[in-house]
Q: 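I have a structure I would like to understand better, so I am pasting it below and will then ask my questions one at a time.
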Amino acid sequence: MAEKQDRLKKCFREFSEETRELYLNQSIPYLEGPPAPLEFYRDWIGPNKPCIIRNAFNHWPALSRWSPEYLREKLGSKVISVAVTPNGYADAVTDGRFMMPEERSMTFCSLMDVMEGKVEKHGVHYVQKQCSNLTEELPELTADIEADIPWMSQALGRSPDAVNFWLGEASAVTSLHKDHYENLYCVISGEKTFILLPPTDRPFIPYGLYQPAVYRQTADGDFEVVEQADAKKVPWIPLDPLAPDLVRYGSYSSARPVLCRVSAGEMLYLPSLWFHHVRQTHGCTAVNFWYDMDYDIKYSYYQLLDSLSGLTVS
């Protein structure tokens with residue numbers, strides 16, 4: 001049995017290395033303008049390769065309008081959903097639990113007061129709700145961007161399933177995970193830093209099952225943990241790629257993460273099923289477009305990798 005496992009691990013390592021040699025890059029390539037739909041599907045979507053696209057949304061009014069003053073004026077007393085945590089890690093494994101943020105309703109001006117240091121704050125604030133929060137919660141901003149990315153919608157033959165707005169503190173972190181969406185991530189102001197790993201590195205990325213819990217801030221400003229005892233355990237990655245514990249998760253040493261920075265005016269194409277970890281500069285604003293595609297063959301293949309890696313996850 002041990003010999004079979006060793007052979008399987010060797011095959012995984014060789015497969016990952018050969019994939020990188022054949023078509024993946026050591027760094028994320030740049031395109032200097034928006035591509036033609038067929039070209040983008042052929043060169044990037046089909047091969048499942050990320051890229052950074054410049055000059056793709058220079059015509060959006062958001063690039064010149066979305067200053068803190070403009071957002072205050074436009075959204076002012078609008079109540080929005082804000083994720084608040086004690087450490088900046090929402091939807092992440094902490095102390096053996098899958099910790100979710102306190103979802104706090106607050107006015108946009110109140111959030112900006114926190115972001116600009118005008119009020120005493122406890123915790124880290126991040127607008128990160130991923131249910132098309134821009135169109136559902138912030139329709140006042142939709143005129144400043146396009147409803148979709150035309151060449152992407154043409155390439156895929158459909159409109160985006162969600163358009164999300166992101167705004168947060170520098171301490172807010174998106175833990176390592178993967179999504180089944182085709183993702184176009186557009187940075188309006190500031191900078192986002194991504195750590196990316198291809199799906200073929202799945203055998204080296206640890207997963208576990210964790211009982212969910214939620215942070216709740218108490219009257220004195222501290223945070224307590226509210227257990228979700230009746231909820232199903234959540235499959236998640238316990239490893240932090242910023243400081244990987246290679247003693248505990250030795251297989252991660254075979255992974256080859258790629259770091260890329262996406263600046264204001266740039267767009268990251270993040271293919272479905274790529275693992276990603278995200279940080280940002282303080283006050284960074286961004287919009288992303290999710291296209292939910294039905295890739296039965298791709299999903300079946302990567303579910304097989306999940307299964308062979310020891311834990312089947314969606």
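Residue numbers start at 1 and run along the sequence shown.
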Q: Would you call N48 and W274 a side-chain contact if the rule is heavy atoms closer than 4.5 Å?
A: yes
Q: State, yes or no, whether a side-chain contact exists between D222 and E224 at a heavy-atom distance under 4.5 Å.
A: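 They are not in contact (no side-chain heavy atoms under 4.5 Å apart), so the answer is no.
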Q: Evaluate W66 against D144 for side chain to side chain donor-acceptor pair (under 3.5 Å), listing each step before the verdict.
A: CA-CA 9 Å; W66 284 10; D144 295 338; 2.8 Å; yes
Q: Run the salt-bridge test on E102 and R216 with the 4.0 Å N-O cut-off and return the result as yes or no.
A: no
Q: Does atom NZ (K121) have a neighbourhood of more than 12 heavy atoms from anything else shown, all under 6.0 Å?
A: yes
Q: Checking side chain to side chain donor-acceptor pair (under 3.5 Å) for the pair Y291/S153: CA distance, chi angles, key distance, verdict?
A: CA-CA 8 Å; Y291 292 81; S153 296; 2.8 Å; yes
Q: Check this for me: does any side-chain nitrogen of one of K78 and E137 sit under 4.0 Å from a carboxylate oxygen of the other?
A: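 Looking at E137 together with K78, the answer is no, because their closest N to O distance does not fall below 4.0 Å.
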Q: Do the ring planes of W166 and Y185 sit parallel (below 30°), tilted (30 to 60°) or perpendicular (above 60°)?
A: tilted
Q: Hey, can you tell me if W236 and H177 have their rings parallel, tilted or perpendicular (30° and 60° cut-offs)?
A: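 Ring orientation, 0 to 90° scale: parallel.
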Q: In sequence, state the C-alpha distance, the side-chain angles, and the governing distance for E191 and T281, and then conclude on side chain to side chain donor-acceptor pair (under 3.5 Å).
A: CA-CA 6 Å; E191 183 179 82; T281 55; over 6 Å; no
Q: Do the non-hydrogen side-chain atoms of Y249 and P238 ever get within less than 4.5 Å of each other?
A: yes
Q: Side chain to side chain donor-acceptor pair (under 3.5 Å), that's the test. Do K233 and Q211 meet it? Break it down for me.
A: CA-CA 5 Å; K233 289 187 175 182; Q211 195 66 40; 5.0 Å; no
Q: Between E266 and S263 (side chain of the first, backbone of the second, donor and acceptor by atom type, cut-off under 3.5 Å), is there such a pair?
A: yes
Q: How are the rings of F108 and F165 set relative to one another: parallel (under 30°), tilted (30 to 60°) or perpendicular (over 60°)?
A: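 Rings of F108 and F165: tilted, as their planes differ by 30° to 60°.
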Q: Can you hop from L246 to I237 via hydrophobic side chains spaced under 4.5 Å?
A: yes
Q: Are R158 and E182 ion-paired here, with the side-chain N under 4.0 Å from a carboxylate O?
A: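 No, this pair does not count.
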Q: Does the plane of the ring in Y181 sit parallel, tilted or perpendicular to the ring in W290? Use 30° and 60° as the thresholds.
A: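 Judged by the thresholds at 30° and 60°, the geometry between Y181 and W290 is parallel.
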Q: Using a 4.5 Å cut-off on heavy atoms from C-beta on, say whether the side chain of M267 contacts that of F57.
A: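 Touching, per the 4.5 Å side-chain cut-off.
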Q: Do you know which two heavy atoms are closest between G123 and V84, and how far apart they sit?
A: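 Looking at all heavy atoms of both residues, the shortest contact is CA-CG1, 4.5 Å.
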Q: Is the shortest heavy-atom distance from the side chain of V187 to the side chain of V287 under 4.5 Å?
A: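 No; the side chains remain at least 4.5 Å from each other.
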